[in-house]
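Bear in mind that the values here come from a model prediction, so they are computed numbers and not experimental data. The first residue of the sequence shown is numbered 1, and numbering continues consecutively from there. When a ligand or atom number is given, it counts from 1 through the structure's own listing order.
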Amino acid sequence: MPRIAVIEKDKCNPVGCGGYLCIRMCPVNRMGKECKVIGPDGKAEVHEEVSTDACSVCVKICPFGAIHMVNLPAELEFPLHKYGRDGFRLYSLPFPVFGKVIGLLGINGIGKSTAIKILAQIVRPNFGKQEEASIQEVIEYFKGTEAHLFFEKVKAAQIRIAYKPQAVDLLPKTASGKVGDLLRKIDSAGKFEKVINELQIGAILDNDIKTISGGELQRVALAATALKNANLHILDEPSTYLDIKQRIRMSQFVKSLSVSESSVVVVEHDLIIMDYMTDIIHVMYGEAGAYGIVSLPKATRNAVNAYLSGMLREENVRFRDHEIKFKPRLPSGMGRKEELAGWSEITKRLDNFILSAEKGSIARKEVVGVLGENGTGKTTFVKILAGVIPPDTGEIGKGIKISYKPQYLSTESTDSVASVLQKAVEKYEIQLIRPLGLKTLLLKSLGELSGGELQRVALAECLSKDADIFLIDEPSAFLDAEQRIITAKIIRDFMETFGKTAVVVDHDLLLIDQVSDRLMIFTGEPARKGVVSGPYSMEEGMNKFLKELNITLRRDPESNRPRINKPDSQMDRKQKSEGKLFYG
Ligand code: SF4
């Protein structure tokens, strides 16, 4: 069985470990060989050819979890692409099919972005060597496979590629000027009006790109990709910053890009949206930070269920030691739980925006999910509940201690994770530190963390505070599909175990379905008016919310996960006629 040694450069922190701990302690180094050395980038580097089984000691030694020694499946000797001498390796690729939307599903750090960057010709594979391969070498490498034809067509310019990057928040750093001017310049497909209408960005065409919100940036980036005269659109995480209504509209837009002569390849972590917009999915598995393998293509439903089960039957691979399970049905409501806090009718004006909330209350030991469009005041209401801002009229129950995790997390701080999570480490090792995978982050500073790492730290910090109600704004942001499901479970278990209450605002319907006992719904006109109602029972709340979206949901009989019904399908019409928009 081939074995690889990998050092995750992002995690390697030679100062934090007290000065190249692995190099000093490596048993092979101590025998006089050069197994772990200081690499040209100042981080540790492993010389795989001299590493032995004794190197597994170093895996345990590194306090940041940066070293991996991994046994590979026998057939995987030569990577398609390798970062540096001892970095992450990718062993295969997904491939576009004309007329279809192809999804790529997997955990963070498993190589999804690398795979689509190779398809998009942004990264040229190196077959594990130091130099990039030429396009001709790539064509030869894939001889006898579908990929061979794909790269031949790329070389002959018969496949024209448009790529939307993951980090749309970086766009204002590379582009300047009015949104409309920027998009008109790109419009080689001649479909400016259509794309602008479908993505609903007409109102911001005169705005400077540096002043628009994350959700607007995402839609502008999608428009820029669609306006290029391309027949392969590659989209990295198109739902980030979008609310649910925008996610549904974005999915329909993405589907419309895959006509008979063109295809879409998409990476996405919102499982309901991934399920809704794709025809075929490749599951990616391996070990995060070490290596990634792309599965054979599978019909979307089968692929998502296989991903959740942790088993790929065709490949005969088990890539997780447990199945991910979902609640089979919606909870019936508050039941006989004791009321914890309430509010009277509330109003709040902020510039041109007015928020009004019906009288409501929340109970001890419950989780209230919050759903609504962007700009309808969800964060404002949460801040009023948290006492961060006062209402203009109305009252919030007093004497209740609140802990608040904000939507936007600051990455500037030089504080160490250990200092921020001191209380969590002392009191909630089992409930928070371990399940959120925070141990290897403790010696880092907040400013060094990725978006997903920062999100997990912020959640643990919020939950470790002494509070009765935890207000958790967008816990799914920057997490992969699996982490979102784990997060929902951690929040639920924490409230159950410690008799606390949580209010969770999120745009990932699956997370809200899994975490909530009841629902609050925000309606109104984005940026002008927000109306808060509820908490309702899950069934009533989902009915009210899905009616606004004009979609219906059913549970998959195998995995119990919610799926969006095809518009005007038999199920969609049946559920609408019965007024039961979520079969749960
Ligand atoms: Fe230190 Fe770990 Fe980097 Fe080695 S791999 S230098 S132990 S942080």
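Side-chain contact annotation: Asp508 with His269, donor-acceptor N/O pair under 3.5 Å absent. For Asn305 and Ser559, the side-chain atoms include at least one donor-acceptor pair closer than 3.5 Å.
Remark: ligand 1 atoms within the under-4.0 Å shell around heavy atoms of Cys22 are 4 (Fe), 5 (S), 6 (S), 7 (S). Here is the list of ligand 1 atoms found below 4.0 Å of a heavy atom in Ile67: 5 (S). Listed by number with element, the atoms of ligand 1 under 4.0 angstrom from any heavy atom of Phe64 are 8 (S). Below 4.0 Å from some heavy atom of Tyr20 lie the following atoms of ligand 1, by number and element: 6 (S).
With a 4.0 Å heavy-atom cut-off, ligand 1 is reached by the side chain of Ala44 but not by its N, CA, C or O. Contacts between Ile61 and ligand 1, counted as non-hydrogen atom pairs separated by less than 4.0 Å, are absent for every part of the residue. Only side-chain heavy atoms of Cys17 come within less than 4.0 Å of ligand 1; its backbone N, CA, C and O stay farther off.
Proximity of the aromatic rings of Phe151 and Tyr141 is defined here by a centroid distance below 6.0 angstrom, and this criterion is not met. Between Tyr291 and Tyr285, the distance separating the two ring centers is not shorter than 6.0 angstrom.
The closest protein non-hydrogen atom to atom 8 (S) of ligand 1 is Asn13 N, 3.2 Å. From the protein, the heavy atom lying nearest to atom 2 (Fe) of ligand 1 is Cys62 SG, 2.4 Å. Nearest to atom 3 (Fe) of ligand 1 among the protein's heavy atoms is Cys12 SG, 2.4 Å.
At most 12 heavy atoms of other shown residues, nucleotides or ligands fall within 6.0 angstrom of atom NZ in Lys33.
In this structure, His282 NE2 and Tyr307 OH are separated by 15.5 Å, a value rounded to the nearest 0.5 Å.
Ring planes of Phe95 and Phe142: perpendicular class, angle over 60° (limits at 30 and 60°).
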